[in-house]
Amino acid sequence: VQLQASGGGYVQTGGSLRLSCAASGRLFSSYAVGWFRQAPGKEREIVAAISWCGSNTYSASVKGRFSIDRDNAKNTVYLQMNGLRPEDTAVYYCAAFRDYSGPSTAPPGGAGAYDYWGQGTEVTVSS
């Protein structure tokens, strides 16, 4: 599967952006998808992830502000980011793996679980 991330940009503190991760290939509905980010000088970290059946997980730093959802008919996963802060500034990546977990199982937050990665989309939040 190939992934294409888009939707990044420049916003002021408190603003919103919606990132999209469009996938090519078959059986996208059976994949878990995660959004990760990497700020300059920092390690890549999980932001949010969604399983094949819609179970999700969020990092503590974005919970309540960000929302992840998927549209399998469009082979796309979205990350709605509200209440953006300067510390959200980073390059955002989407990643995926074939998800064989049971229903209601939250997707993993470790980058090592994800087999396919898209290119990044940059998000800059001004103070």
* Report yes if the side chains of Leu27 and Arg98 come closer than 4.5 Å at any heavy-atom pair, otherwise no. => yes

* To do: Give a yes or no on whether Gln2 atom CD has more than 12 heavy-atom contacts from other residues, nucleotides or ligands under 6.0 Å away.
  => no

* Rounded to the nearest 0.5 Å, how far apart are OG of Ser29 and CG of Asp99? -> 10.5 Å

* Contact check, side chains of Met81 and Val62, non-hydrogen atoms, under 4.5 Å -> no

* For residues Pro107 and Tyr114, report the shortest heavy-atom separation together with the two atoms involved. => CB-OH, 4.1 Å

* May I ask you to decide if Val33's main-chain N or O and Tyr116's side chain share a donor-acceptor pair within less than 3.5 Å? => no

* To do: Verify, without hydrogens or angle tests, whether Thr13 (side chain) and Arg85 (backbone) share a donor-acceptor contact under 3.5 angstrom.
  => no

* Asked: Does Arg65 count as lying over the ring of Tyr58, i.e. NZ or CZ under 6.0 Å from the six-ring centre, within 45 degrees of the axis?
  -> no

* To do: Determine whether Val11 and Leu79 fall in the same hydrophobic cluster, where Ile, Leu, Val, Met, Phe, Trp and Tyr are linked whenever their side-chain heavy atoms lie under 4.5 Å apart.
  => yes

* Asked: If you measure from OH on Tyr10 to OG1 on Thr124, what distance do you get to the nearest 0.5 Å?
  -> 7.5 Å

* Asked: Would Arg18 count as a cation-pi partner of Tyr78, with NZ or CZ less than 6.0 Å from the six-membered ring centre and within 45° of the ring normal?
  -> yes

* To do: Return yes if some donor-acceptor pair links the side-chain N/O of Thr121 with the main-chain N/O of Tyr92 below 3.5 Å, else return no.
  => no

* Asked: Hey, does the side chain of Arg70 reach the backbone of Ala32 with a donor-acceptor pair shorter than 3.5 angstrom?
  -> no

* Asked: CD/Gln38 to CD/Glu43 distance, rounded to the nearest 0.5 angstrom?
  -> 8.5 Å

* **pair Ser61-Arg37: side-chain heavy atoms closer than 4.5 Å** => yes

* **Heavy-atom pair with the smallest gap, counting every atom of Gly83 and Asp88** => O-OD2, 4.3 Å

* Do you know the tightest heavy-atom contact between Cys94 and Leu3? -> O-CD1, 3.7 Å

* Structure fact -> Heavy atoms of Ile50 and Asp69 approach each other most closely as CD1-CA, 3.8 Å

* Structure fact -> Taking every heavy atom of Tyr93 against every heavy atom of Gly118, the minimum-distance pair comes out as CD2-O, 3.7 Å

* **Main-chain N/O of Gln4 paired to Gln119 side chain as donor or acceptor, under 3.5 Å** => no

* Could you label the plane-to-plane angle of the Phe36 and Trp117 rings as parallel, tilted or perpendicular, counting under 30° as parallel and over 60° as perpendicular? => tilted

* Verify the cluster assignment for Val77 and Trp52: are they in a single hydrophobic cluster under the rule of side-chain heavy atoms below 4.5 Å apart? => no

* State whether the side chain of Asn75 and the backbone N or O of Phe28 hold a donor-acceptor pair below 3.5 Å, judged by distance alone. => no

* Which heavy atom in Pro86 sits nearest to a heavy atom in Ser127, and how many Å separate them? -> CG-CB, 3.8 Å

* Out of Leu84, Leu17, Leu19, which one pairs with Phe66 under the side-chain contact (heavy atoms from CB on, under 4.5 Å) rule? -> Leu84

